[in-house]
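What follows is a short report on a single structure.
Naming convention: chains lettered A, B, ... in sequence-line order (proteins, then strands); numbering from 1 in each chain. Just so you know, these numbers come straight off a predicted model, no measurement behind them.
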Amino acid sequence: MKKYLLDLTVCGVERLNGTHVVLRLTSQQQLPPMQPGQFVEVKVEHSPATFLRRPISINRVDMANNELWLLVHAIGDGTRAMAALKRGDTLNCLLPLGNGFTLPQKAGERCLLIGGGVGTAPLLYYGEVLRENGCEPSFLLGARTAADLLQLELFERIGATYLTTEDGSRGEQGFVTAHSVLRQETFDRIATCGPKPMMMAVAKYAQDKGIECEASLENLMACGLGACLCCVEKTDKGNVCVCSEGPVFNIKRLKWQDLK
Amino acid sequence: MARLEVNIGDLRLKNPVMTASGTFGYGIEFADFVDLNSLGGFIVKGTTLHPREGNDYPRMVETASGMLNCVGLQNKGVDHFCDVIYPQLQHLDTNVIVNVSGSTPEDYAECAARLAQLDKVPAIELNISCPNVKDGGMAFGVTTTDAASVVKAVRKAYPKTLIVKLSPNVTDIVSIAKAVADEGADSVSLINTLMGMAIDIERRRPKLSISTGGLSGPAVKPVALRMVWQVARAVDIPVVGLGGIMDASDAIEFLMAGATAIEVGTANFIDPAVTTKIINGIDQWLDAHGCKDVTEIVGALRS
Ligand SMILES: Cc1cc2nc3c(=O)[nH]c(=O)nc-3n(C[C@H](O)[C@H](O)[C@H](O)COP(=O)(O)OP(=O)(O)OC[C@H]3O[C@@H](n4cnc5c(N)ncnc54)[C@H](O)[C@@H]3O)c2cc1C
Ligand SMILES: Cc1cc2nc3c(=O)[nH]c(=O)nc-3n(C[C@H](O)[C@H](O)[C@H](O)COP(=O)(O)O)c2cc1C
Ligand code: FES
C-alpha cells in the first residue's frame, strides 16, 4: 500500500478521562485507504524530549466525513503533548503503516475481538469493518477500573460487548481470559491487542481451542517503515520487523515460549 | 542553480547527499517519499558474507536528541543481496553503495569480491566498527594495524571505489584514517555511532538487550563535525561526513569542515523525505551566497 506523509488538521478532541483522548483528524485532500490494524507514525511538536515519531493505531476511519481517529493514552512526554492538542492544530502523520487484521473470506464468521487498556483502539475500526463485511463481531474489553473502559457506546453499537475490570467496578471482575463468555460461546476467530501478558493468555486460550487468532504487537519503533530493524519480534522466519510485517501476526508465527 | 556534482575518487555523485547505512533500508522502503534517483547515492544495510540474525529485542532506546541502537547487523547475507535485492535496484540512476561488514579480513574480502561483480554497484563502504573475532573481539576500527589489515585484504579483492567508514570510539581517529588511506582506500566516511548505554532504573537493568549500543542523531553532531574537520585536514583522499545531520545547514557545516559529500542517517526516521529537503536547501544556500559550485564550500572555513 502506498504510504503518505501528511499534515492533518485536528478537527475534534474528545477527552474520555484524565489520561485518554480521541483526536479526530482531517485533511483538505481525501484521506488514503487504511486497513484496520494499521498504524500511523506521529511527529510530536512542542515536546523537546520527544525525538522520534510515535506509533499510534488507527482507531477509526470515517470516510463519509474524511476523518481519521486516534485514541491516545497520555503516559509520557510524547503522548501527553498529543493529548494537549487543540482543534485547528496540525499533526504530521506517516500513514498507513504495517499490515492489518485479516478480513474473513466468508460472511457470518463469529469473531471475538479482545482488548485491554488502550489496546482496544484498533479493535473499534476492525469491528466496524467486519460488520460491514457481513461478519458478527463481539468484543471482550478489559481495564483496571470502569473509568478506564473506553468508547463503550461505540463498541456496543457494532456488536455484543463483554467487559471485565480488575476491581469489579464494571462487568465481571478479573482479567479478560477469565470472562464467562469464553466458556459459554464459541467463536471462529479471535483478534487481540493490549498488554503482552494479556495477549499471551488470549493466545494460549485460542491455541488450546484451535481457534484462528491474531495479535497486534506494540514493539518499540524508530522508523516504522521496515528500514531500521529496531522493532523485531522472533517468528517462524527469524527476527522480523513488527512495523512492516506486523503489527498484526497470526499467533502461530510467534515464538511465545509460554504457550507451549 | 549551482553545480552540485562532486567526486569521491572515480565515483561521480549528482549532489553531495547520500543516506547512511542501516537507516534507509534498501532504499525501496523510502520510494513513496523520495525520488531515489535524485540522491547523490544511497548506502544500503550492513551486508555480511553469511546471513545474521542480529541481536535480541530491545534494540533501540530514544535518548536526548538521539537514539541508541544495537541491531547487530541483521541481514540475509551477500548472496541474498545479489540475487534478490540487486535486481530491484539495478534500474536506478543513482549510486547504490553496499555497506560491508565482517568478522575477519578474509570475510570482508570475499564479500567485497562478490559485490565487485555487480555492474550497478560502483562502490562499497567498509564498516570497520565490527568486532574482530580472531583478535579477541575488539573492533577492527580501533587500532591502526587491524584497520589496515581489513583494508589491505579488501583492496586486493575490490577494484572499484572503496570507502572506509571509521569508528569514532578511538583516541586518535586521524591515525586510523591515515592508516586506511595508506592501504589504498579511495575515501573515508565518518562517523559511525558512538558507543553508549541507557539504564531502566526501576528494573535496574540496561535498556538494550546487549547492554550497550551505538548513539546517533543530533546528539553526536558536534563530535562528528570535529572528527571530520581533523581528518579532512590530515588525509589527501575525499572525506564523507555524517553524524546527526538533520537539515541543509547541518550538511553545509560538514562540507565546510572538509567533507566532499555527506550522509543522512537517523533524520530519515523523523522525516522520510528529509534528503530531498537537504538537497534543495544546499542548492538554495549556494544561490543565496553567490556560489556557482558546491565544491567552493568544501573545506572553505575562513581562518
Ligand atoms: C503499532 C503500535 C500501535 C500503538 N497504538 C497506540 C494507540 O493507539 N494509542 C496509544 O496511546 N498508544 C499506542 N501505542 C503505544 C505508544 O506508541 C507509546 O505509548 C508511545 O510511543 C509512548 O511515547 P511517550 O513519549 O508518551 O512516552 P515515553 O516517554 O517514550 O515512554 C513512557 C513509557 O511508555 C513506554 N512505552 C514507550 N513506547 C512504548 C510502546 N511502543 N509500547 C508500549 N509502551 C511504550 C516506555 O517504556 C515508558 O515506560 C502503540 C504502539 C505501537 C508500536
Ligand atoms: C538503526 C541503525 C542501524 C545502523 N546500521 C549500520 C550498519 O549496518 N552499518 C554501518 O556502517 N552503520 C550503521 N549505522 C550507523 C549509521 O550509518 C551512521 O553512521 C550513524 O547513525 C550516524 O549518523 P546519523 O546521526 O545521521 O544517524 C546504523 C545506525 C542506526 C541508527
Ligand atoms: S521501526 Fe524501523 S524497522 Fe520497524
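The two residues B:G25 and A:A227 have their closest heavy-atom pair at N-CB, 3.6 Å.
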Can you pull every donor-acceptor pair closer than 3.5 Å across chain B and chain A?
residue	atom	partner	partner atom	Å
B:D32	OD2	A:K3	N	2.8
B:E53	O	A:N239	ND2	2.8
B:E53	OE1	A:N239	N	2.9
B:E53	OE1	A:N239	ND2	3.2
B:D56	OD1	A:K234	NZ	2.5
B:Y57	OH	A:L220	N	2.7
B:R59	NH1	A:L229	O	2.7
B:E62	OE1	A:R54	NH2	2.7
B:E62	OE2	A:F51	N	2.8
B:E62	OE2	A:L52	N	2.7
B:E62	OE2	A:R54	NH1	3.1
B:Q74	NE2	A:N239	O	2.9
B:I270	O	A:R53	NE	2.7
B:I270	O	A:R53	NH2	2.9

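With values rounded to the nearest 0.5 angstrom, B:F269 atom CZ is found 12.5 Å from A:L94 atom CG. For the atom pair SG (A:C223) and CZ (B:F30), the distance works out to 6.0 Å, reported to the nearest 0.5 Å.
Residues passing the side-chain contact (heavy atoms from CB on, under 4.5 Å) test with A:V40 are A:V42, A:I58, A:L68, A:L70, A:C93, A:L95, sequence neighbours excluded. For A:P195, the side-chain contact (heavy atoms from CB on, under 4.5 Å) test picks out A:P197, A:M198, with sequence neighbours left out. Applying the salt bridge (Lys or Arg N to Asp or Glu O under 4.0 Å) rule to B:D79 yields the partners B:R114; only residues at least two apart in sequence or on another chain are considered.
Residue B:F33 touches chain A through its side chain alone, counting heavy-atom pairs closer than 4.5 Å. Of the two parts of A:A49, only the backbone, made up of N, CA, C and O, holds a non-hydrogen atom closer than 4.5 Å to a non-hydrogen atom of chain B.
Counting heavy atoms from C-beta outward, A:C228 and B:V71 have side chains that stay 4.5 Å or more apart.
For the set A:G226, A:G238, A:A222, A:C231, the count of heavy-atom pairs under 4.5 angstrom toward chain B peaks at A:A222.
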